[in-house]
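Since the structure comes first, as structure tokens, the remarks are kept for the end.
Quick caveat: nothing in here was measured; it's all calculated off a predicted structure. Counting convention: from 1, in listed order, for ligands and their atoms alike.
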Amino acid sequence: MGKSTPTLDEVKTFRDLIVEVQDRGICGRCGGCVSFCSAGEFDALETGEDGSPRFADEEKCVKCGICYLICPQIKALNNELDEKMGWKAPIGPYRKLVSARTTSPKIMDVCTDGGVVTSLLTYALEKKLIQGAIVSRRVGPFARQPMVATKPEDLLEAAGSHFEETFHLDEIGKQYTSFVPSIRDIKRLGEQNFDRIALVGTPCQIYTFRKMQLLRVVPSDTIALTIGLFCMENFSFDEKARKKLERNIGVRLKSIRKLNIKDNVIVTQENGEVVHVPFEAVDDVARPACFACSDFACDYADISCGGLGSPDGYTTTIVRTGVGEKIYNGARQEKYIREWSPRGKDQSRLHKTQMMAKIVSFALRKKKRAKRTLGEQR
Ligand SMILES: Cc1cc2nc3c(=O)[nH]c(=O)nc-3n(C[C@H](O)[C@H](O)[C@H](O)COP(=O)(O)OP(=O)(O)OC[C@H]3O[C@@H](n4cnc5c(N)ncnc54)[C@H](O)[C@@H]3O)c2cc1C
Ligand code: SF4
Ligand code: SF4
Ligand code: SF4
């Protein structure tokens with residue numbers, strides 16, 4: 001797929017990320033580069049006011065090249081990573097593909113699709129298989145903040161994609177963004193003496209984490225489980241773009257109760273009306289970095305979850321690794337989650353085939369979009 005690791009005499013550093021990623025407008029402000037540089041106590045990098053990484057003190061750069069290698073927009077370690085993870089076309093490795101949902105009414109009440117993510121984490125926490133999980137909680141419409149959940153109540157607070165009535169658009173300033181810089185929180189874990197943490201993230205975040213793990217750099221050794229979310233795009237927009245967005249989708253953002261993404265963007269309004277918005281109508285406010293991103297189904301996670309392909313109220317769940325299988329099977333046996341498929345062997349097989357076909361078609365669509373974006377820039 002990609003190029004292999006550069007040799008030592010061609011080590012690339014944050015200087016190269018400025019040219020190859022920032023100047024091309026495809027930095028997703030994920031915080032991966034800063035997170036490693038400060039966890040390694042080099043402190044050459046910092047996060048600017050707008051969330052972009054920058055040199056704090058270039059003199060302190062020891063030219064280790066790790067910020068470059070772990071950046072999700074750099075494909076330099078792809079071959080090594082694919083080999084380690086046993087990546088296979090078209091959507092990465094998997095042991096099971098299933099529609100599932102939580103058995104907890106409390107979780108079902110607040111979750112995005114079938115509450116599988118929150119249930120798997122609740123199981124793993126209650127059985128002490130993990131000490132906590134990096135998730136994100138809502139702090140405003142389109143705004144979430146990473147948090148380390150150490151109790152099932154924290155997980156409930158982080159679940160779902162409902163907009164609280166108490167959130168006011170005016171309160172979160174002029175810039176709205178749905179991207180959560182969770183990778184930055186990995187750094188804090190070492191300081192808290194955690195060594196068995198789960199990470200929930202979008203494909204770019206899980207990819208960055210896997211590259212950290214491949215290079216065996218701190219603080220990736222604290223992560224014991226990764227749950228990835230399918231992701232077509234994330235959004236970031238200002239006041240002007242907000243008005244345009246409201247026009248494009250025909251809904252006032254103030255009247256949105258819940259936002260979900262499956263094969264399109266699903267907007268549930270306060271009055272209960274549901275509007276399905278095609279991705280093209282929200283392209284204007286998608287983050288530019290997302291157009292260069294080629295992973296839809298979170299190919300490198302232990303377990304990947306999305307709504308695509310499952311009936312409403314269920315999570316499409318891809319169990320990919322041995323670690324993922326242990327958690328998934330345990331949660332199912334202990335009745336934290338249950339599976340669904342239509343009655344009858346043929347119907348059940350057909351459902352799986354259709355689920356897979358949908359995921360593959362979105363994965364290919366995203367790969368094509370990334371190729372187009374990067375190709376156009378060259
Ligand atoms: C930005 C984004 C884009 C998505 N795009 C698609 C798509 O195109 N197609 C599709 O089928 N599914 C998509 N999903 C996944 C889908 O919306 C659900 O998250 C998934 O099906 C899991 O549902 P659940 O009920 O099992 O999760 P829940 O039990 O509700 O748990 C959701 C978990 O995700 C975390 N979370 C929520 N928002 C974010 C965020 N922005 N960044 C990181 N973590 C977050 C929460 O903290 C929580 O732990 C997307 C999700 C996100 C966040
Ligand atoms: S010290 Fe390493 S991680 Fe930090 S900026 Fe330099 S090359 Fe990047
Ligand atoms: S995409 Fe992430 S790792 Fe790459 S330069 Fe931007 S913040 Fe750093
Ligand atoms: S589309 Fe890619 S870069 Fe954008 S949030 Fe999703 S995984 Fe990250």
> What residues form a ring pair (Phe, Tyr, Trp, His ring centres under 6.0 Å) with F209, not counting sequence neighbours?
Replying inline: none
>> Heavy-atom distances under 4.0 Å decide this one: backbone, side chain, both or neither, for I261 against ligand 1?
In response: both
>> Below a 4.0 angstrom heavy-atom separation, can you tell me which part of R137, side chain or backbone, both or neither, approaches ligand 1?
In response: neither
>> Below 4.0 Å, non-hydrogen atoms only: which portion of D263 touches ligand 1? Side chain, backbone, both or neither.
In response: neither
> Which heavy atom of the protein is the closest neighbour of atom 6 (Fe) of ligand 3, given with residue, atom name and distance?
Replying inline: C27 SG, 2.4 Å
> How close does the nearest protein non-hydrogen atom get to atom 1 (S) of ligand 3, and which residue and atom is it?
Replying inline: G28 N, 3.4 Å
> In ligand 1, which numbered atoms sit nearer than 4.0 Å to a non-hydrogen atom of K262?
Replying inline: 7 (C), 8 (O), 9 (N), 10 (C), 11 (O)
> Out of D154, T118, V117, V200, who gets a non-hydrogen atom closest to atom 35 (C) of ligand 1?
Replying inline: V200
>> Angle between ring planes, F362 versus F279, binned at 30° and 60°: parallel, tilted or perpendicular?
In response: perpendicular
>> At under 4.0 Å between heavy atoms, is it the side chain or the backbone of F296 that contacts ligand 1, or both, or neither?
In response: side chain
> Just going by heavy-atom distances, which of N234, T202, I227, D113 is nearest to atom 25 (O) of ligand 1?
Replying inline: D113
> Got a donor-acceptor contact below 3.5 angstrom from the R287 side chain to the G28 backbone?
Replying inline: yes
> For ligand 3, which part of R29 has a heavy atom less than 4.0 Å away: the side chain, the backbone, both, or neither?
Replying inline: backbone
>> Out of A100, C111, G115, who is nearest to atom 24 (P) of ligand 1 when you count heavy atoms only?
In response: G115
> Has the side chain of R15 got a donor or acceptor atom that lies under 3.5 Å from a matching backbone atom of E58?
Replying inline: no
> Side chain, backbone, both or neither: which part of L308 has a heavy atom under 4.0 Å from ligand 1?
Replying inline: both
>> Restricting to under 2.8 Å, identify the protein N, O or S atoms around atom 8 (Fe) of ligand 2 as residue plus atom.
In response: C67 SG
> Evaluating non-hydrogen atoms only, which member of L155, I266, L229 is closest to atom 52 (C) of ligand 1?
Replying inline: L229
